[in-house]
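Written out below as structure tokens is the structure these notes cover.
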Amino acid sequence: MKLGDFNTLKVVKRVDFGIYLDGGQEGEILLPTRFVPQGTQIGDDLDVFLYLDQEERLIATTEKPLACVGDFAYLECAWVNKYGAFLKWGLMGKDLFCPFREQKQRMQVGRSYIVYIHIDSQSYRIVATAKVERYLNPDPAPFNAGQEVSLLVWQKTDLGFKVIADNQYPGLIYDNQIYQHVHTGDRLRGYVNQVRGDGKLDLSLQPAGRQHTEDFAETLLAYLHDHAGLCPYGDHSDAEEIKSVFSVSKKTFKRAVGDLYRRHLITIDDSGISLAQ
């Protein structure tokens, strides 16, 4: 039985206000009527998320929360009381508590924060903490250069953006590796440049080398088809202009142009590039 996560449980009883599921040693667990899938029968197995209600009783829902126990997430503060903040969790009538002691700064209603979700060892409640560093995996990341990973953008630094890779490992994307708008809370696909000696990750938002050129060549070809076969950008264009329009470096742009030209798919002149007739 996993609190704060999805479990597959069997339907054992129907009542006026919902159905009960077999929770094993935890006893029967209520799934309220509004969350019961149409056509559910006694004996069916259901995938449900388990959490504690206001009276600390296990309860099930078929709703999907924004994050489970063990996840890092970017959640909005819904309200604050004298004990802490409550974050929007994506569950009807249930927000996620973040005590004041687990906040780096006092959370404000309407603002969003990177948090880690865990079960408090003393109260057994599902809670959030903004002190996420202590929950990052300290072991060297088991990745290879070029490997694709999922990223959660954590915070801006002087060097670039700190990120959390594959919901475990700290990493950094340097400013000179970023060719698109990036914000805290973004979930992005990234690529490993290297695993440093300290085990931290240097990352990029683009695959390395030839694969990135090939991917962007297809993007540029689609751009031409969508713009009457014409693109006004070329060798004469400013690197920042190309970055703004295509979210790639000028180097990648020029490589893709060369690739398409060698394949006889485009022509090049002083006004830019055009689809070959």
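From a predicted model like this one, the values you see are computed outputs, not experimental measurements.
In this structure, Lys251 has no salt bridge (Lys or Arg N to Asp or Glu O under 4.0 Å) partners at least two apart in sequence or on a different chain. Applying the ring-ring contact (aromatic ring centres under 6.0 Å, His included) test to Tyr51 and every residue at least two apart in sequence or in another chain returns nothing. Under the side-chain hydrogen bond (donor to acceptor under 3.5 Å, both in side chains) criterion, Asp71 pairs with Asn167, sequence neighbours left out. Residues satisfying the salt bridge (Lys or Arg N to Asp or Glu O under 4.0 Å) test with Arg111, not counting sequence neighbours, are none. Asp202 pairs by the salt bridge (Lys or Arg N to Asp or Glu O under 4.0 Å) definition with Arg196, not counting sequence neighbours. Here Lys131 pairs with nothing under the salt bridge (Lys or Arg N to Asp or Glu O under 4.0 Å) rule; sequence neighbours left out.
A side-chain donor-acceptor contact under 3.5 Å links Tyr113 to the backbone of Gln108. For the pair Asp269 (side chain) and Ser271 (backbone), a donor-acceptor distance under 3.5 Å is present. In this structure, Asn7 contributes its side chain and Lys2 its backbone to a donor-acceptor pair below 3.5 Å. A donor-acceptor pair is defined here as one N or O able to donate and one able to accept, closer than 3.5 Å; no such pair exists between the side chain of Thr61 and the backbone of Phe49.
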Atom pairs and distances, side-chain donor-acceptor, residues 137-144, under 3.5 Å, sequence neighbours left out:
unit_1, atom_1, unit_2, atom_2, d
Asn137, OD1, Asp139, N, 2.9
Asn137, ND2, Gln168, OE1, 3.0
Asn137, ND2, Tyr169, OH, 3.4

Determine all donor-acceptor pairs shorter than 3.5 Å in which one atom belongs to a side chain in residues 13-31; sequence neighbours excluded.
unit_1, atom_1, unit_2, atom_2, d
Lys13, NZ, Glu28, OE1, 3.1
Arg14, NH2, Thr40, O, 2.5
Asp22, OD1, Gly24, N, 2.9

Please tabulate, for side-chain N and O atoms in residues 89-100, each donor-acceptor pair with protein atoms closer than 3.5 Å (sequence neighbours left out).
unit_1, atom_1, unit_2, atom_2, d
Trp89, NE1, Ala67, O, 2.9
Lys94, NZ, Leu52, O, 3.1
Asp95, OD2, Trp79, NE1, 2.9

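Asp47 has no carboxylate O lying under 4.0 Å from a charged side-chain N of Lys64, or vice versa, which leaves the two without a salt bridge.
Pairs passing the ring pair (Phe, Tyr, Trp, His ring centres under 6.0 Å) check and including a residue from residues 248-277, sequence neighbours excluded, read Phe246-Phe253.
The neighbour count for Lys88 NZ, taken as heavy atoms of other residues, nucleotides or ligands under 6.0 Å away, does not exceed 12. Atom CD of Gln54 has 12 or fewer heavy atoms from other residues, nucleotides or ligands within 6.0 Å. Residue Arg106 places its CZ atom among 12 or fewer non-hydrogen atoms of other residues, nucleotides or ligands, all under 6.0 Å distant.
A single hydrophobic cluster is not seen to contain both Met107 and Val127; linkage of ILVMFWY side chains at heavy-atom distances under 4.5 Å, directly or through other members, places them apart.
When hydrophobic side chains of Ile, Leu, Val, Met, Phe, Trp and Tyr are connected at separations under 4.5 Å, Leu230 ends up as a singleton with no cluster partners. Within the hydrophobic cluster formed by Ile, Leu, Val, Met, Phe, Trp and Tyr side chains joined at under 4.5 Å, directly or through other members, Tyr174 is accompanied by Leu159, Leu172.
Counting only heavy atoms from C-beta outward, the side chains of Asp5 and Val69 never approach each other to under 4.5 Å.
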